[in-house]
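Since the structure comes first, as structure tokens, the remarks are kept for the end.
Everything numeric here is computed off the predicted structure, so don't read it as measured data. Just so you know, these numbers use all the heavy atoms, side chains as well, and skip hydrogens, waters and symmetry mates. The chains referred to below are lettered A, B, ... by the order of the sequence lines, with proteins before strands, and numbering in each begins at 1.
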Amino acid sequence: MDGAHDMGGAKGFGPVVPEPNEPVFHGEWERRAFALTVAMSRPGGWNIDMSRFARENRPPEDYLSKSYFQIWLAGLETLMIERGLVTSEEIEAGKVLSPPKPDVKTLPPQDVVPTIRRGASTERTPTSPALFAVGETVRMKEIHPPTHTRLPQYVRGHLGTIELNHGCHVFADLNSLGVGENPQWLYTVRFDGPELWGKDTDPTLSISVDAWESYLERV
Amino acid sequence: MTGHDHDHHDHHHHHDHDHSELSETELRVRALESILTEKGYVDPASLDLLIDLYEKKIGPRNGIRVVAKAWSDPAYHARLMKDATAAIAELDYSGRQGEHMVVVENTPAQHNMVVCTLCSCYPHPVLGLPPVWYKSAPYRSRAVSDPRGVLQDFGVALPETTKIRVWDSTAEIRYLVLPMRPEGTDGWSAEQLAELVTRDSMIGTGLPKQPGETA
């Protein structure tokens, strides 16, 4: 979706302001919101692409006025309500009003470290040859899906060069919809600065995105 | 995001229970945790372990070890550039948000910078959780269109002839910048070199410290 989260090239946000000696979390609620989100993915059963969509799929003013972990919290609430784990009435009331959903798996303490250390590889065995070769020029499709996509607006329609082939990976756009992993070849595609931002752009600049095969078309 | 100032406020006035937006968030999280615990979905001990892991074990010191080893061990450097995920796992760093690692090396000819314009993708096993600025709108919007301006915000000026290469992490590949080993460090051990590596130098928004800059 073309939402407020898709920020590449947007103007007016001002300078980057690093915080000296920044802590990992700013206050206890950020710690708990982070941990709840990670721990709830097991009982919730959602995947990372569903989580990203739950965070980004909100009105721009809402997305831009919330802090990072406030967006995580809002995304978590959405995911849990969608799956009937909690109701919005319970969240507003701040107490349990209905019985738990039966047969959900939890993340027990002994599984925490192994789960994080294992991660979740998105690479899958290819079932067809790659359509594009390293060094080939490609055009990014000019598409505007209403649902989750990882093709940022600032590269759509532009010409780039295939620089790396990462193998076949779970396709985020479809995985976010719960219709299966549908793995595709994934490439790093590099663009010259002037191709994206106009001929007056610093000619020493180049930018790359990681793009699934269905984002690309042959030139 | 703009809420950062509120976060900061909260950090310093953690015990002020006024009617600010932030206190509402704090209460909301607290209530949510008790609902989810009462329903049997989460074990608070697991939450404590997750927090401990990300506050104490997973952080930039891991990436610093990777960089210092790459600087001091040519065979490791070669393995890291060929298969970063495997070379990083040799040092026992792996897992969530680092399943597919690529290391990009700075040279006098090219400086690399990493961003996630769409959210906050970042190589957790080697750098920990991302700082607020990395997740903020100013960085996500400008890193891809005005990286030299962003570098200026960090007090970094590179020669005009150095090419700038920005890597936008739009899929599950995670990038770690291998900064240039500072001059004047011949014969230094990996432990000594580690003192020069900074988190920002591994994102590409900073440079390593020079010999003599470390206290």
How close do [X] and [Y] get, heavy atom to heavy atom, and via which atoms?
X	Y	result
Ser141(B)	Ala10(A)	CB-O, 3.4 Å
Lys135(B)	Phe69(A)	NZ-CE1, 3.7 Å
Arg165(B)	Ile207(A)	NE-C, 4.3 Å
Pro109(A)	Asp43(B)	CD-OD2, 3.3 Å

Need one label for [X]: side chain, backbone, both or neither, based on atoms under 4.5 Å from any heavy atom in chain B.
X	result
Tyr154(A)	side chain
Leu186(A)	side chain
Glu163(A)	side chain
Ile116(A)	both
Val16(A)	both
Val104(A)	side chain
Pro203(A)	neither
Leu97(A)	neither
His166(A)	side chain
Ala172(A)	neither
Lys11(A)	side chain
Glu123(A)	both
Asp202(A)	side chain

Is there a side-chain contact between [X] and [Y], using heavy atoms and a 4.5 Å cut-off?
X	Y	result
Thr204(A)	Thr162(B)	no
Phe25(A)	Leu129(B)	yes
Leu36(A)	Val42(B)	yes

Practice item. State which residue, out of Thr115(A), Val112(A), Val38(A), fulfils the side-chain contact (heavy atoms from CB on, under 4.5 Å) condition with Ser46(B). Key: Val112(A)

Which bit of [X] is near chain A, if near means a heavy-atom gap under 4.5 Å: side chain, backbone, both or neither?
X	answer
Tyr134(B)	neither
Asp146(B)	neither
Ser169(B)	backbone
Ile35(B)	both
Leu118(B)	both

Going by an N to O cut-off under 4.0 Å, is there a salt bridge joining [X] and [Y]?
X	Y	answer
Arg31(A)	Glu33(B)	no
Asp168(B)	Arg150(A)	no
Glu22(A)	Arg199(B)	no

Could you verify whether a donor N or O on one side chain and an acceptor N or O on the other, from [X] and [Y], lie under 3.5 Å apart?
X	Y	answer
Tyr68(A)	Ser120(B)	yes
Tyr215(A)	Thr170(B)	no
Lys39(B)	Ser98(A)	yes

Can you tell me if [X] has over 12 outside heavy atoms packed within less than 6.0 Å of its [atom1]?
X	atom1	value
Glu82(A)	CD	yes
Glu160(B)	CD	no
Lys101(A)	NZ	yes

Go through [options] and name the one with the most non-hydrogen pairs under 4.5 angstrom from chain A.
options	answer
Leu36(B), Val150(B), Val102(B), Ile58(B)	Leu36(B)
Tyr41(B), Tyr139(B), Trp133(B)	Tyr41(B)
Cys119(B), Gly98(B), Ser145(B)	Ser145(B)
His111(B), Arg148(B), Lys57(B), Gln97(B)	Arg148(B)

Check your understanding: Could you go step by step and tell me if Asp210(A) and Arg174(B) meet the salt bridge (charged side-chain N to carboxylate O under 4.0 Å, His left out) rule?
Key -> CA-CA 10 Å; Asp210(A) 294 332; Arg174(B) 296 289 169 268; over 6 Å; no

With a 4.5 Å cut-off on heavy-atom pairs, point out which of [options] contacts chain B the most.
options	result
Ala39(A), Pro43(A), Pro15(A)	Pro15(A)
Ala211(A), Gly12(A), Gly9(A)	Gly9(A)
Ala33(A), Ala93(A), Gly3(A), Ala120(A)	Ala120(A)

Practice item. Kindly indicate, with the supporting measurements, whether the criterion salt bridge (charged side-chain N to carboxylate O under 4.0 Å, His left out) is fulfilled by Glu172(B) and Arg52(A). Key: CA-CA 12 Å; Glu172(B) 299 306 326; Arg52(A) 290 196 181 117; 2.7 Å; yes

